[in-house]
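Here's the structure, in structure tokens; my notes come after.
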Amino acid sequence: MDYDIITVQLVPEKKGLFLKHSEYEITSKKFKCTTFRRYNDFVNLHNLLVTQAPYRMIPRLPPKQLMLDSLLEERRRGLQRWLRIVSRHPVLGTDPLFITFLTDSTSEHQEHLRELYSRELDEFSKLSEDVELPLEDQGRLAASREMMRTMLNLVTKLMRLADQQAVRQQNQGKDMEEMSSILRHIGSSNKMLGDSTFSEMAVGFKEVATLSEKSALHQHNAINERFHLLIDVLTAHSDLCDRVDKGIVSDHQKALSKMLNLNKQRMKGVIRGTAAESVAAIHEKEVAQTGVVGNLGRRSAFSLHCVLQETSLAQEYLRVLPSILLSFTYEQNQGNANMVKIWETIVAKEADKLN
């Protein structure tokens, strides 16, 4: 796909004395447009997508709750990731529903979405009856599902470790800042030392502190964000599998069980010589249930086919994991190398004084 570059910026707007809501400025490079949306607009779009494309990976929205100003940036990032994942999906990203959300600049945009798409058929219902659906291997699908869940757990652990490293760098920066302050105090309080060693070292510690803080911030803003996007995709895959298992697959199994029970009742009636009218009534129900089973079976086959496609898509996202880890390693090494240069400069100056 020709990937869209979507950015989301926070536009705070206060309402009343105590309550306020946040508005988001959404810019789409592909459609060359800018629109404004509230969180409820995202919820409306999410619900419509789940209804019309129930067998596709639809990521979770950031949670709705009263948020502190310090957490608004986290929500903004989450909404931006959500839009980017949906926009890159080969089915969802080209859906008129999603495109309307991005491009409709009228004040009644939410009502327009509901009017235009709330009665739309879902993806399966639009499928032509003559389209053949492959019978997917249930064992293969189960194995893929388990593999993706394992990857979700492992990637989450990797992100947590990277976050811990960033926190350590932040704390290191704070420690270096404090040491710089102490050294400046020593240099100004002990004139009898007769040189500028402590003042120069204070400058070095200050530079290290600044470097540590910048490195930690970059890891959070870049590397952590890429981890989050990958986790959002894998979580969406897990949600999809649960939705299919608890929905259409479960309904299909129940319908099959009901048809088998009707078949048993009819056979017992024939064997016991039950009145022909009763046997015929059971047979009519059995025939009707066969139609239900057939329709659910076809929908179930479609859903499993979609899950397999979505699994392949999630695996494509996993291909970025090595680059995320390499970026993390590079940042660590680069930060350490810059710190070494700072200390080498200070040591060289001291060596020149001794000579």
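Sequential numbering from 1 along the given sequence is applied to the chain's residues.
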Smallest separation among heavy atoms of Met151 and Leu321, with atom names: CE-CD2, 4.3 Å
Pairing of Arg298 and Glu129 as salt bridge, 4.0 angstrom limit: no
Shortest non-hydrogen contact between Leu230 and Tyr317, atoms and distance: CD1-O, 3.6 Å
Exercise: do Arg160 and Thr156 side chains pair donor with acceptor under 3.5 Å: no
Check: Pro62 main-chain N/O paired with Tyr39 side-chain donor or acceptor under 3.5 Å: yes
Cluster check Val43, Ile58: I/L/V/M/F/W/Y, side chain < 4.5 angstrom: yes
Verify same cluster id: Val203, Ile186 (apolar side-chain graph, 4.5 Å): no
Main-chain N/O of Val91 paired with Thr94 side-chain donor or acceptor, under 3.5 Å: yes
The single option from Gln315, His305, His237, His89 passing side-chain hydrogen bond (donor to acceptor under 3.5 Å, both in side chains) against Glu310: His89
N/O donor-acceptor pair under 3.5 Å between Asn153 side chain and Thr150 backbone: no
Over 12 non-hydrogen atoms of neighbours within 6.0 angstrom of CG in Leu121: yes
N/O donor-acceptor pair under 3.5 Å between Gln170 side chain and Ala216 backbone: no
Whether Tyr55 and Phe302 hold their rings parallel, tilted or perpendicular, with breakpoints at 30° and 60°: perpendicular
Least distance between heavy atoms, Cys241 atom then Val307 atom: SG-CG1, 4.2 Å
Separation between CD of Glu23 and CG of Leu10, rounded to the nearest 0.5 Å: 10.0 Å
Heavy atoms from other residues, nucleotides or ligands near NZ of Lys32 exceed 12 (cutoff 6.0 Å): no
N-O pairing of Arg77 and Glu73 below 4.0 Å: yes
Nearest-0.5 Å distance, CD of residue Gln80 to CD1 of residue Ile6: 9.0 Å
Test item: side-chain donor near acceptor, Ser327 and Arg226, under 3.5 Å: yes
Gap separating the CZ atom of Arg114 from the CD atom of Glu108, nearest 0.5 angstrom: 13.0 Å
Side-chain donor or acceptor of Arg75 paired with backbone N/O of Pro63 under 3.5 Å: yes
Spatial distance of atom CG (Leu49) from atom CG (Leu97) [nearest 0.5 Å]: 5.0 Å
Residues Arg168 and Gln172: side-chain donor-acceptor under 3.5 angstrom: no
Steps toward salt bridge (charged side-chain N to carboxylate O under 4.0 Å, His left out) verdict (Arg299, Asp122): CA-CA 11 Å; Arg299 179 178 280 273; Asp122 68 12; 2.9 Å; yes
Contact check, side chains of Thr7 and Tyr24, non-hydrogen atoms, under 4.5 Å: no
Salt bridge (Lys or Arg N to Asp or Glu O under 4.0 Å) contacts in which one or both residues fall within residues 313-323, not counting sequence neighbours: Glu316-Arg319
Tyr330 atom OH, over 12 foreign heavy atoms within 6.0 Å: no
Side chain Tyr117, main chain Pro96, donor-acceptor under 3.5 Å: yes
Asn338 side chain vs Gln334 backbone, donor-acceptor pair below 3.5 Å: yes
Working for side-chain contact (heavy atoms from CB on, under 4.5 Å), residues Trp82 and Leu45: CA-CA 11 Å; Trp82 190 87; Leu45 174 61; 3.7 Å; yes
Qualifying salt bridge (Lys or Arg N to Asp or Glu O under 4.0 Å) pairs, either residue in residues 321-337, two or more places apart: none
Single-linkage hydrophobic cluster Leu240~Met147, side-chain heavy atoms < 4.5 angstrom: yes
Heavy-atom closest contact (Ser144 atom, Thr311 atom, distance): CB-CG2, 3.9 Å
Expected output: side-chain Ser238 to main-chain Thr235 donor-acceptor under 3.5 Å: no
Connected via hydrophobic side-chain network under 4.5 Å: Leu217 and Met159: no
Minimum heavy-atom distance Leu102-Asp4, with the two atoms named: CD1-OD2, 4.1 Å
Side chain proximity check, Met179 to Met201, heavy atoms < 4.5 angstrom: no
Distance-minimising heavy-atom pair for Ala209 and Glu177: CB-N, 3.6 Å
Under-4.0 Å salt bridge between Asp95 and Arg56: no
Glu120 backbone acceptor or donor facing Gln52 side chain under 3.5 Å: no
Step-by-step side-chain contact (heavy atoms from CB on, under 4.5 Å) determination, Ser300 to Leu304: CA-CA 6 Å; Ser300 179; Leu304 296 177; 4.3 Å; yes
Arg37 to Phe42, cation-pi by 6.0 Å centre distance and 45° axis angle: no
